[in-house]
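Scroll down for the structure; my scribbles are underneath it.
Below, chains carry the letters A, B, ... as their sequence lines are ordered, and counting in each starts from 1.
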Protein chains: 2
Amino acid sequence: MKIGELSRATGTNVETIRYYERIGLLPEPARSAANYRSYGPDHRARLVFVRHSRELGFTIEEIRSLLDLSDDPTRDCTEADRIASAHLAQVEDKIAQLSLLRDELKRIVGRCRGGLAGDCRVIEALADHSQCESQH
Amino acid sequence: MKIGELSRATGTNVETIRYYERIGLLPEPARSAANYRSYGPDHRARLVFVRHSRELGFTIEEIRSLLDLSDDPTRDCTEADRIASAHLAQVEDKIAQLSLLRDELKRIVGRCRGGLAGDCRVIEALADHSQCESQH
DNA sequence: CTTGACCCTGTAGTTGCTACAGGGTGCATA
DNA sequence: TATGCACCCTGTAGCAACTACAGGGTCAAG
């Protein structure tokens, strides 16, 4: 299949596929006589793996490690679990941090009475960290 | 005060202060005879405003608008409330999205029995989106 | 007089793409 | 046969919001 077909089959931008190849996440595919990239089911499966991992928020480097593991089925797989666990912890941290942030924003928003900017509670709150209840 | 003092006073990297100046978020300060930047309380207050807004996740462009409002106290301030509300909505979206993600990751993590990568449930789950319960 | 901490400008790197510019290929239609 | 259009190629530059140098100047203490 050509790059456009792979793009449609996986919901991945054509430019992104070429980018993944450039950074070595996808192997260089065979080329047609016209120098067009030609992909098979293995390429497709690998790209699906990459996209799915990206959707789950893994970084390119994490995905690289996960691909290395999956390329060598004789390796110990606790490493994969370690990467995923570390990522889960990061996501949970991020949620906690955003929740604090949301609470502060809620307190700030809606204090506006529609008056002049000079009296605006929103702007005042941004200028003065001590009005915040938490370390965000 | 010199840039290093302002840096310590606000917990902002020196390079970041110069960056804010370059993109027009902070005004160009006066210079000493040795061409050192020289800041006063107004600069400091403005930088505190910027940093606090950044900590709350506002983009530079949003901060630019908020600073414009705060620079002209006769303007209507509903705009400030609108920016903050839109940002709050974005944060809430992000939290919801990360929560889905966290749930999927939790299901994936810990399925590893410490065997070989060839049988790894973690890697398998990443390769196969259909094992997921939600659209993430 | 030298050491070290600070300051300056300008540029390049980071992450994960995305968007051209400027060209070539391949197939259907007039 | 011409020509239009969708697709493909490479290479480079842009995005956000910084961060990290390189290569130089300034200043006070010992």
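As rounded to whole Å, 13 Å separates atom C1' of dC17(C) from atom CG of Leu25(A). The interatomic distance linking Lys2(B) (NZ) with dC8(C) (P) rounds to 9 Å, in whole Å. Look at CG on Leu26(A): it is 14 Å from C1' on dC17(C), rounded to the nearest Å. Here dA17(D) presents its P atom at 15 Å from CD of Glu55(B), a figure rounded to the nearest Å. Straight-line distance from the OH atom of Tyr19(A) to the C1' atom of dA13(D): 15 Å, rounded to whole Å. With rounding to whole Å, Asn35(A) atom CG is found 11 Å from dG11(D) atom P. Atom CD of Glu15(B) is separated from atom P of dT11(C) by 15 Å (rounded to the nearest Å). Summarising the geometry, the separation between CE on Met1(A) and P on dC7(D) is reported as 14 Å, rounded to the nearest angstrom.
Contact check on Asp76(A) versus Arg82(A) returns no salt bridge, with no Lys/Arg side-chain nitrogen under 4.0 Å from an Asp/Glu carboxylate oxygen. A salt bridge links Glu104(B) with Arg107(B): the distance from a Lys NZ or Arg NE/NH1/NH2 to an Asp or Glu carboxylate oxygen falls below 4.0 Å. Using a 4.0 Å cut-off between charged side-chain N and carboxylate O, Lys2(B) and Glu5(B) make no salt bridge. Salt bridge status for Glu124(A) with Arg121(A): present, with a side-chain N to carboxylate O gap under 4.0 Å.
Two residues, Ala33(B) and Asn13(B), neighbour DNA chain D, and the one matched to the more 5' nucleotide by heavy-atom proximity is Asn13(B). Summary of the strand contacts: Arg54(A) and Val14(B) both lie near DNA chain C, and taking for each the nucleotide with the nearest heavy atom, the more 5' one is attributed to Val14(B).
Considering only heavy atoms from C-beta on, Val122(B) stays 4.5 Å or farther from Cys77(A) through its side chain. Two residues are said to be in side-chain contact when any heavy atoms from C-beta on lie closer than 4.5 Å; Val109(B) and His87(A) fail this criterion. With contacts defined as side-chain heavy-atom distances shorter than 4.5 Å, the pair Leu105(B)/Gln90(A) does not qualify. Counting only heavy atoms from C-beta outward, the side chains of Gln131(B) and Ile108(B) never approach each other to under 4.5 Å. Side-chain contact between Tyr39(B) and Leu26(B) is absent, with no heavy-atom pair separated by less than 4.5 Å. Under the 4.5 Å side-chain criterion, counting only non-hydrogen atoms from C-beta, Pro29(A) is in contact with Glu21(A).
When the side-chain nitrogen and oxygen atoms of Arg31(A) are compared with OP1 and OP2 of dT10(D), one or more of them lie within a distance under 4.0 Å. At dC7(C), none of the side-chain N or O atoms of Arg37(B) fall inside 4.0 Å of OP1 or OP2 (strictly under the cut-off). In this structure, Arg18(A) does not reach the dT10(D) phosphate: none of its side-chain N or O atoms is under 4.0 Å from OP1 or OP2. A sub-4.0 Å separation between OP1 or OP2 of dC8(C) and a side-chain N or O of Arg22(B) is absent. Regarding contacts with the backbone of dC17(C), a side-chain N or O of Tyr20(A) is found under 4.0 angstrom from either OP1 or OP2.
Formation of a donor-acceptor pair under 3.5 Å by the Ser7(B) side chain with backbone atoms of Ile3(B) is not found in this model.
For the segment residues 82-99 of chain A, the set of residues with a heavy atom within less than 4.0 Å of an atom of DNA chain C is empty. If you check residues 56-64 of chain A against DNA chain C, the residues with a heavy atom closer than 4.0 Å are Thr59(A), Ile60(A), listed by number.
If you take NE2 on His129(B) and CG on Leu56(A), they are separated by 7.5 Å, rounding to the nearest 0.5 Å.
When heavy atoms are screened at a 4.0 angstrom cut-off, Ile3(A) is found touching the sugar-phosphate backbone but no base atom.
Closest to the side chain of Thr16(B), out of dA19(C), dT19(D), dT9(C), is dT19(D).
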For nucleotides 22-26 of chain D, print each protein N/O atom paired with a nucleotide N/O atom at under 3.5 Å, atom names and distance only.
unit_1	atom_1	unit_2	atom_2	d
dG25(D)	N2	Tyr36(B)	OH	2.9
dT26(D)	O4'	Tyr36(B)	OH	3.1

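Counting all heavy atoms, side chain and backbone alike, Cys132(A) lies closest to His52(B) at SG-NE2, 3.2 Å.
By the ring-ring contact (aromatic ring centres under 6.0 Å, His included) test, Tyr20(B) pairs with no residue at all, sequence neighbours left out. When the side chain to side chain donor-acceptor pair (under 3.5 Å) test is applied to Asp42(A), no partner is found at least two apart in sequence or on another chain.
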### Task
Under 3.5 Å for both distances, Watson-Crick or G-U wobble, that's the pair rule; now give the dot-bracket for DNA chain C, with | marking pairs to another strand and [ ] for crossing ones.
||||||||||||||||||||||||||||||

